[in-house]
Protein chains: 2
Amino acid sequence: MTIRDVASAAGVSPSTVSRCFTQPEIVEAATRERVLRMATHLDYRPNRAARGLITGRTGNIGLLLPDLANPFFPSIVKGIQHQAHLSEYQVFVVDTDEDPAVELGLVRSLAKQVDGMILCSPRMRPAELAEAATVSPTVLLHRRAGGLPSVGIGNADAMRQAIDHLAALGHDRVGFVSGPRRSWSGRQRVAGIRKAAAAHGITLEEIGHFAPTFEGGSAAAQGVLLSGVTAVVAYNDLIALGLLNALRDRGVDVPRDLSIIGVDDISVSAMVRPALTTLSVPKEESGREAVDLLLQVLAHPGARNPPAETLPCRLTVRQTTAPPNQRAATRTTA
Amino acid sequence: MTIRDVASAAGVSPSTVSRCFTQPEIVEAATRERVLRMATHLDYRPNRAARGLITGRTGNIGLLLPDLANPFFPSIVKGIQHQAHLSEYQVFVVDTDEDPAVELGLVRSLAKQVDGMILCSPRMRPAELAEAATVSPTVLLHRRAGGLPSVGIGNADAMRQAIDHLAALGHDRVGFVSGPRRSWSGRQRVAGIRKAAAAHGITLEEIGHFAPTFEGGSAAAQGVLLSGVTAVVAYNDLIALGLLNALRDRGVDVPRDLSIIGVDDISVSAMVRPALTTLSVPKEESGREAVDLLLQVLAHPGARNPPAETLPCRLTVRQTTAPPNQRAATRTTA
DNA sequence: GTGAAAGCGCTAACAG
DNA sequence: CTGTTAGCGCTTTCAC
């Protein structure tokens, strides 16, 4: 079923059929209607590859993300897909398995097949990011770098909210459990929490680097216990959850003996008991925004000052935060 | 950067360059090496759309699934992607949001852009499935229907394992909490558990139909309590988890007062306490198998007896199953 | 407002 | 083994 079949069936030239789909307004109403009716009747659908060959646009966008197994990312995928479909875009999803080394290669191999890419929490170095942007129009999601268009979240403000909450509860020794070294968000969060802690006169302990997974969180338990803090903020919910579990297995009561705050507000966080106090980051929304931004970039290539949006996070207080337990030390040794 | 650029740079014809990529063995070693070196040097990459226009193959496969927010599906996506990338295939992921009405439309709109599709847990009716298979080579994942190639899991056997386990523990009144009415797996599981229960002389209570989500599980709590069973098997882990939580909020102790078994073994199930006893279904593996099967179908179109694989499930006993509590009724009323 | 012709980048006969 | 030719399905000048 090609455009020529429709053309001859409708008694017009292929060009006219083409115009009916790409610039309907310039073709006479009667003709257009006849053609479109015929097209529907024959169940004709333009071949996007053929169209792309001449227009240079594929109608696809690429999405690179570190790990679909972290429930944070599927939410983003849903937002991105929803918004992309509204504009008739299809999305290629690529999971990099948290391996920075393969990111650029995947971008390159995808470049020809997409009109643009959304790089979600990329672990690449800035220079690689710049190169990626060279290969295909790029929007950064949850990262900012080198003037590339981006949509991010208010990491520093999120940390401030966390510290404000803990300070109000009376904590004065707080830990931060770091995620991957290469994570840009992680660096933002550390910087933000340092500043917020200082503002409150709170002592901040930075605890290791851990994989941004449940297992990573379990591995952090030891360090958290040794640090002597009464509360911790974790790089993300998965780490917070792993920590929560490992602590419980060692007989530590959360939140009585230790308060925990995560980041992301993945669905699991509300499913466990005690339910995790966390910083809710807009997931589907940031995905949608990223698509809008990308389409905008595609529509106005080479525009100056590509926008860098920042979406706010919001503290969701659940059950893992409480005032510090003054007698905790006594109890543990007793 | 087209094939002609490479051709003239290497002093050969475009066809030769083409052959170097598609059938390297038929071109003389020296020539081939020179061409490939030139191609690398110029960073030439074949345009897949152009190639597809003539070969009729896109190098893409489509993946339709009901809900990325259920952690079960991201695991499958990972398996599928991994395997697809090994054969240089890219994958379009489409989330249908558990809406059977849109499935066929999405298949149609994707058909032209892919070489084949994997329909994962589709909710369509058999006739629609048959139509989908008409539009594009199709492999069913976690469903079987009308002789289409498929990879599924041993649902009935899984239910048998669950019932064996509960029977061994001493339960004789067991509930099954159903998922979506349209779910084929759900029907398989009901049939399987009926048979298994009968074989053990166990009374089976079938409890409602619920959304295959955490909320769906919460909604099931009331019915489970009223049914008077001492153990339930849920359609999936998400329902089991929602149920677990809702019960705890009502003061029901799991597993003392009620045993719960889920299906899927999503990662969350091991993160909660009590950790969920569940039937582990091979997720990444079934994804990989589906890709293999699809590629096989693409390689031998029209082959007879398309294979219908069945992968086994395995009971993972964790903390939500225990012998029935004889004094439960007394306690509740006391 | 519509048609004819050219060509996007590539592969597949067919010669040589 | 390699080059020449034709054309995949579509959009887009350029005439009419």
Side-chain angles (χ1 to χ4, degrees), chain A residues 1-39 42-60 88 90 108-115 135-136, chain B residues 1-39 42-60 88 90 109-115 135-136 298:
Chain A
M1 186 58 5
T2 84
I3 208 172
R4 309 179 64 106
D5 299 315
V6 179
S8 62
V12 296
S13 76
S15 330
T16 301
V17 177
S18 172
R19 283 188 274 256
C20 286
F21 284 95
T22 53
Q23 330 169 52
E25 62 284 356
I26 77 164
V27 60
E28 202 189 5
T31 319
R32 184 197 332 144
E33 208 153 315
R34 184 157 40 89
V35 169
L36 290 178
R37 188 145 13 92
M38 213 64 227
L42 296 175
D43 192 35
Y44 164 79
R45 288 148 190 277
N47 178 325
R48 302 181 71 138
R51 177 182 286 177
L53 202 50
I54 183 157
T55 61
R57 331 197 93 211
T58 61
N60 303 328
E88 312 267 70
Q90 220 51 255
R108 285 209 195 90
S109 75
L110 217 52
K112 283 283 214 345
Q113 309 178 58
V114 300
D115 295 339
V135 180
S136 179
Chain B
M1 188 58 2
T2 84
I3 207 171
R4 311 180 62 107
D5 298 315
V6 179
S8 62
V12 297
S13 76
S15 331
T16 302
V17 178
S18 173
R19 282 188 275 256
C20 285
F21 285 96
T22 54
Q23 329 171 53
E25 61 284 357
I26 77 164
V27 59
E28 202 191 5
T31 320
R32 187 201 324 147
E33 209 155 312
R34 184 157 39 91
V35 169
L36 290 178
R37 189 145 13 93
M38 212 65 230
L42 296 174
D43 193 36
Y44 164 78
R45 288 150 189 278
N47 179 324
R48 301 180 70 134
R51 177 183 287 177
L53 202 50
I54 183 156
T55 60
R57 331 196 94 212
T58 60
N60 303 328
E88 312 268 69
Q90 219 50 253
S109 74
L110 217 52
K112 283 283 215 347
Q113 306 178 62
V114 301
D115 295 339
V135 180
S136 179
L298 294 178

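Chain A is the first sequence line, chain B the second, and so forth, proteins listed ahead of strands; every chain is numbered from 1.
- Considering only side-chain N and O atoms, A:Thr2 lies nowhere under 4.0 angstrom from the phosphate OP1 or OP2 of D:dG9.
- Rounding to whole angstrom units, CZ of residue A:Phe21 and P of D:dT11 are separated by 9 Å.
- For the pair B:Arg19 CZ and D:dG3 P, the interatomic distance rounds to 8 Å; values are reported in whole Å.
- In this structure, A:Arg57 places its CZ atom 19 Å from P of D:dC10, rounding to the nearest Å.
- Rounded to an integer number of Å, the gap from A:Arg4 CZ to D:dC8 C1' is 11 Å.
- More than 12 heavy atoms of other shown residues, nucleotides or ligands fall within 6.0 angstrom of atom CZ in A:Arg45.
- The shortest distance between the side-chain N/O atoms of A:Thr31 and the OP1/OP2 oxygens of C:dG1 is not below 4.0 Å.
- The CD atom of A:Glu33 sits 16 Å away from the C1' atom of C:dG1 (whole-angstrom rounding).
- Residues from residues 42-53 of chain B placing a heavy atom under 4.0 Å of any atom in DNA chain D, listed by number, are B:Leu53.
- The shortest non-hydrogen separation linking B:Met38 to B:Ala9 is CG-CB, 3.7 Å.
- Between the CZ atom of A:Arg48 and the CD atom of A:Gln90 there is a distance of 6.5 Å, given to the nearest 0.5 Å.
- The backbone N or O of B:Val12 lies less than 3.5 Å from no partner atom in the side chain of B:Thr16, so there is not a single donor-acceptor pair.
- Annotation for B:Glu88: atom CD does not count as buried by contact number, only 12 or fewer foreign heavy atoms lying within 6.0 Å.
- Atom CE of A:Met1 and atom C1' of D:dC10 are 15 Å apart (whole Å).
- Within residues 9-17 of chain B, the residues approaching DNA chain D are B:Val12, B:Ser13, B:Ser15, B:Thr16, by heavy-atom distance under 4.0 Å.
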